[in-house]
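Right, one structure below, let's go through it.
Heads up: numbering here begins at 1 and tracks the sequence. What's counted below: heavy atoms across the whole structure, side chains too, no hydrogens, waters or symmetry copies.
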Amino acid sequence: LGTTFVVVTHDQDEAMTLASRIAVMAEGRIAQVGTPGEVYENPASQYVASFVGNINLFEGRVTSADAGRLSLRCDALNADLMVLCDEAVEPGGPISVAVRPEKITISRTAPDARDRNVLKGIVRDLGYFGDQSLYRVRLQSGAVLQVSAQNLRRSASLTVEWDDEVYLSWEVASTILLRT
């Protein structure tokens, strides 16, 4: 059919750049097959999500389910999050969700929280790489989130620095519901 198929078992970043379809293996079994975009954006499990690229993983429990949207409590974050979900999920049940570092917006000003998950923390680590900056932000709960921000302006100074109090936010649709 003219498509390249690569089984990804190690050095996953290189394989994703070379393949039009990939299979992620876990303990000798196929965990997920799809295009690199499908596997990265819609991982089938926690294993696949953490195997392909960087990700922030959260455990929580469903507090309510309404109209394709779940509310959940993440004790490790000391926060409530929202996630889109088309299937029936019972309140009170455990749930795992994730968000990729590049989906998170970092700002010193509070964002509009409508249709966004918003957390507050302190920048504890940052790396400037020219085209992007990488941040590690400690929340009040002690949890640390990774954020990857594209440097869109030509400037030698960063808009967010070490020890700045910041808001992290991402679209509800960017929160990934995961299976264990």
Side-chain angles (χ1 to χ4, degrees), residues 8 12 16 22-125 134-149 160 165-180:
V8 180
Q12 68 272 17
M16 286 183 62
I22 60 173
V24 177
M25 304 284 292
E27 297 178 1
R29 298 186 192 278
I30 294 175
Q32 185 171 355
V33 176
T35 66
E38 289 168 345
V39 172
Y40 184 82
E41 297 292 349
N42 299 296
S45 66
Q46 285 183 1
Y47 176 82
V48 173
S50 60
F51 185 83
V52 180
N54 293 326
I55 198 152
N56 295 292
L57 294 166
F58 316 117
E59 300 293 324
R61 66 183 180 287
V62 177
T63 56
S64 69
D66 185 41
R69 187 178 287 222
L70 301 177
S71 296
L72 58 134
R73 179 70 185 169
C74 293
D75 290 335
L77 303 177
N78 193 26
D80 298 310
L81 300 177
M82 301 289 285
V83 62
L84 300 181
C85 180
D86 292 334
E87 55 194 76
V89 178
E90 291 294 318
I95 194 166
S96 296
V97 295
V99 64
R100 298 277 182 196
E102 71 276 6
K103 307 296 186 198
I104 301 173
T105 301
I106 186 168
S107 172
R108 286 194 268 169
T109 59
D112 180 356
R114 190 175 36 239
D115 292 324
R116 296 187 73 78
N117 287 306
V118 178
L119 302 171
K120 191 175 180 180
I122 304 286
V123 175
R124 290 298 179 215
D125 190 19
L134 301 176
Y135 300 90
R136 290 175 44 87
V137 177
R138 183 174 304 279
L139 306 180
Q140 292 172 344
S141 68
V144 176
L145 271 67
Q146 297 177 59
V147 180
S148 173
V160 175
E165 185 175 76
V166 294
Y167 293 89
L168 305 179
S169 68
W170 63 92
E171 295 177 4
V172 170
S174 291
T175 310
I176 304 166
L177 177 62
L178 294 169
R179 303 287 170 239
T180 54

Inset, instruction - Show your working on side chain to side chain contact (heavy atoms under 4.5 Å, CB included) between Val33 and Ile30 and close with a plain yes or no. - result: CA-CA 7 Å; Val33 176; Ile30 294 175; 3.4 Å; yes

Legend entry - side chain to side chain donor-acceptor pair (under 3.5 Å): pairs with one or both residues in residues 134-149, sequence neighbours excluded: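 Matches after skipping sequence neighbours: Gln132-Ser148.
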
Only counting residues at least two apart or in another chain, list the ones meeting side chain to side chain donor-acceptor pair (under 3.5 Å) with [X].
X: Arg100; result: none
X: Arg108; result: none
X: Thr63; result: none
X: Asp86; result: none

Inset, instruction - Might you work through the side chain to side chain contact (heavy atoms under 4.5 Å, CB included) test for Val24 and Val39, ending with a clear yes or no? - result: CA-CA 9 Å; Val24 177; Val39 172; 4.0 Å; yes

Legend entry - From CA spacing to verdict: side chain to side chain contact (heavy atoms under 4.5 Å, CB included), Arg69, Asp115: CA-CA 11 Å; Arg69 187 178 287 222; Asp115 292 324; 3.1 Å; yes

Identify the two heavy atoms, one from [X] and one from [Y], that lie closest to each other, and give their separation to 0.1 Å.
X: Asn117; Y: Met82; answer: OD1-N, 2.7 Å
X: Leu77; Y: Ala143; answer: CD2-CB, 3.8 Å
X: Leu119; Y: Leu81; answer: CD2-CD2, 4.4 Å
X: Ala44; Y: Gln32; answer: N-OE1, 2.6 Å
X: Trp170; Y: Leu145; answer: CZ3-CD2, 4.4 Å
X: Arg61; Y: Gly92; answer: CB-O, 4.1 Å

Legend entry - Heavy-atom check, side chain of Ser64 versus side chain of Pro91, under 4.5 Å: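 No - every pair of side-chain heavy atoms lies 4.5 Å or more apart.
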
Legend entry - Heavy-atom side-chain contact between Leu134 and Pro101 under 4.5 Å: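 No, every pair of side-chain atoms sits at 4.5 Å or beyond.
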
Legend entry - Working for side chain to side chain contact (heavy atoms under 4.5 Å, CB included), residues Leu84 and Leu177: CA-CA 8 Å; Leu84 300 181; Leu177 177 62; over 6 Å; no

What residues form a salt bridge (charged side-chain N to carboxylate O under 4.0 Å, His left out) with [X], not counting sequence neighbours?
X: Glu38; result: none
X: Asp112; result: Arg114
X: Asp80; result: Arg73
X: Glu41; result: Lys103

Inset, instruction - With sequence neighbours excluded, tell me which residues meet side chain to side chain contact (heavy atoms under 4.5 Å, CB included) with Leu57. - result: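 Scan of Leu57 (side chain to side chain contact (heavy atoms under 4.5 Å, CB included), adjacent residues dropped) gives Ser50, Ile55, Ala98, Leu178.
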
Legend entry - Test side chain to side chain contact (heavy atoms under 4.5 Å, CB included) applied to Ala26 - qualifying residues, sequence neighbours left out: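 By the side chain to side chain contact (heavy atoms under 4.5 Å, CB included) rule, Ala26 matches Ala31, Tyr47.
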
Legend entry - Option passing side-chain contact (heavy atoms from CB on, under 4.5 Å) with Val137 (candidates Val144, Val166, Asp125):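 Going through the options one by one, the only one that passes is Val166.
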
Pairwise distance [atom1]([X]) to [atom2]([Y]) - rounded to 0.5 angstrom:
X: Ser96; Y: Ile176; atom1: OG; atom2: CD1; result: 12.0 Å
X: Phe58; Y: Leu72; atom1: CZ; atom2: CG; result: 9.5 Å
X: Asn56; Y: Leu168; atom1: CG; atom2: CG; result: 9.0 Å
X: Tyr167; Y: Arg116; atom1: OH; atom2: CZ; result: 14.5 Å

